[in-house]
Protein chains: 2
Amino acid sequence: MANHLDSFFAAVSDPTRRAVIERLTQGPAPVSELHAPHDIALPTFLKHLKVLEASGLVRSEKKGRVRTVHIEAAPLAEAESWLNRQRRIWEARLDRLGALAEEIERNTTDDQ
Amino acid sequence: MANHLDSFFAAVSDPTRRAVIERLTQGPAPVSELHAPHDIALPTFLKHLKVLEASGLVRSEKKGRVRTVHIEAAPLAEAESWLNRQRRIWEARLDRLGALAEEIERNTTDDQ
DNA sequence: ATATTACCTAGCCATATGGCTAACCATCTT
DNA sequence: AAGATGGTTAGCCATATGGCTAGGTAATAT
């Protein structure tokens, strides 16, 4: 039952990891470059990368001594789709409520 | 710097809490009804509700002894927007890459 | 007046998370 | 061959998270 969404949303709930994602939308980058702007120790940063990779949001290959990381679009789209679905259901319900309110309004007016 | 997105994504990274959200898109509900389908103790469930409420995804009012919970749309839209933005940037980059590839293709063909 | 219902608080427990340092490869550079 | 660079592993620590039980309180139903 453990959903993709679990690990995706968890991955993206951390500001450091979101920053990495934002950087990676601009194109792939080696670990050291991704690490540079963040004021935390490298091993700590590597943990974040592992979380991202485990969630499927990111992949990486090592060539020589440098590991290059790139973003993976599918999980992003999946999460977006879930949010979109929820919002649409919610809005549809609001519409029905609106229609109901109008109807009540009409009836009430008729009755008077 | 602590972003709204932090607590939102964290809130939504748990399957129990996502289920609650899904239920609430259908309309408001009292705590006991929200709790019913989940096989966990009430106090545990209440913690989940607190997380949701702290993230701004949900609000509730108590009347008599029953507390009614309803969903709040704004944070949902905000998160969706972040995801959407990332995906669009990423896709735009792919398009540029595609154009570049085409151009290279053209030049290579011309040169031969 | 009592019992039931609906929720809340407190407190315990195990595991997960995000941070660190220290030490260790492995690959380039010089 | 030595040194510097880029990444990795191991292990420690504090706090957060998700679960539980036990024991409230306040409102309604009998």
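Chain identifiers are assigned alphabetically (A, B, ...) following the order of the sequence lines, protein sequences preceding nucleic acid strands; residue numbering begins at 1 within each chain. Just so you know, these numbers use all the heavy atoms, side chains as well, and skip hydrogens, waters and symmetry mates. Keep in mind it's a predicted model, so treat the numbers as computed, not measured.
Within residues 54-65 of chain B, the residues that place at least one heavy atom under 4.0 Å from DNA chain C are, in residue-number order, B/Lys62, B/Arg65.
The nearest whole Å value for the distance from the NZ atom in B/Lys50 to the C1' atom in D/dG19 is 15 Å. A straight line from CG of B/Leu52 to P of D/dG18 spans 10 Å, rounded to a whole angstrom. Put simply, CD on B/Glu33 is 17 Å from P on C/dT5, counting in whole angstrom units. Across the protein-nucleic acid pair, A/Leu42 atom CG and D/dA10 atom C1' stand 15 Å apart, rounded to whole Å. Atom CG of A/Asp39 and atom P of C/dG18 are 17 Å apart (whole Å). Regarding B/Arg67, its CZ atom lies at a distance of 9 Å from the C1' atom of C/dC8, rounded to whole Å. To the nearest angstrom, C1' of D/dT17 lies 15 Å from CG of A/Asp14. Here the P atom of nucleotide C/dT17 and the CZ atom of A/Phe45 are 18 Å apart, to the nearest Å.
A/Leu94 and A/Ile89 fall into different hydrophobic clusters, where Ile, Leu, Val, Met, Phe, Trp and Tyr side chains are chained together by heavy-atom contacts under 4.5 Å. A/Ile21 and A/Leu46 fall within the same hydrophobic cluster, where Ile, Leu, Val, Met, Phe, Trp and Tyr residues are linked whenever their side-chain heavy atoms come under 4.5 Å apart, directly or through other members.
Between A/Arg87 and A/Glu91 there is a salt bridge, since at least one side-chain N of the basic residue sits less than 4.0 Å from a carboxylate O of the acidic one. Comment: B/Glu61 does not engage B/Arg67 in a salt bridge, judged by the lack of any side-chain N to carboxylate O separation of less than 4.0 angstrom.
A/Asp14 is not listed as a side-chain neighbour of A/Val51, based on a closest heavy-atom distance of 4.5 Å or more.
For A/Thr44 and C/dC20, the shortest distance from a side-chain N or O to OP1 or OP2 is below 4.0 Å. At the phosphate of C/dC7, neither OP1 nor OP2 sits under 4.0 Å from any side-chain N or O atom of B/His35. For B/Ser32, a side-chain nitrogen or oxygen approaches OP1 or OP2 of C/dC7 to under 4.0 Å.
The side chain to side chain donor-acceptor pair (under 3.5 Å) contacts involving residues 35-49 of chain A comprise A/Arg17-A/His48, where partners must be two or more places apart or lie in separate chains.
Using modelled atom types, no side-chain atom of B/Arg59 and backbone atom of B/His70 make a donor-acceptor pair closer than 3.5 Å.
B/Leu46 comes within 4.0 angstrom of a nucleotide base, judged by non-hydrogen atoms across all strands.
Between A/Ala41 and A/Val66, the residue anchored closer to the 5' end of DNA chain C is A/Ala41, taking for each the nucleotide with the nearest heavy atom.
Of all nucleotides listed (C/dC7, D/dT8, D/dA22), D/dA22 comes nearest to the side chain of B/Pro43.
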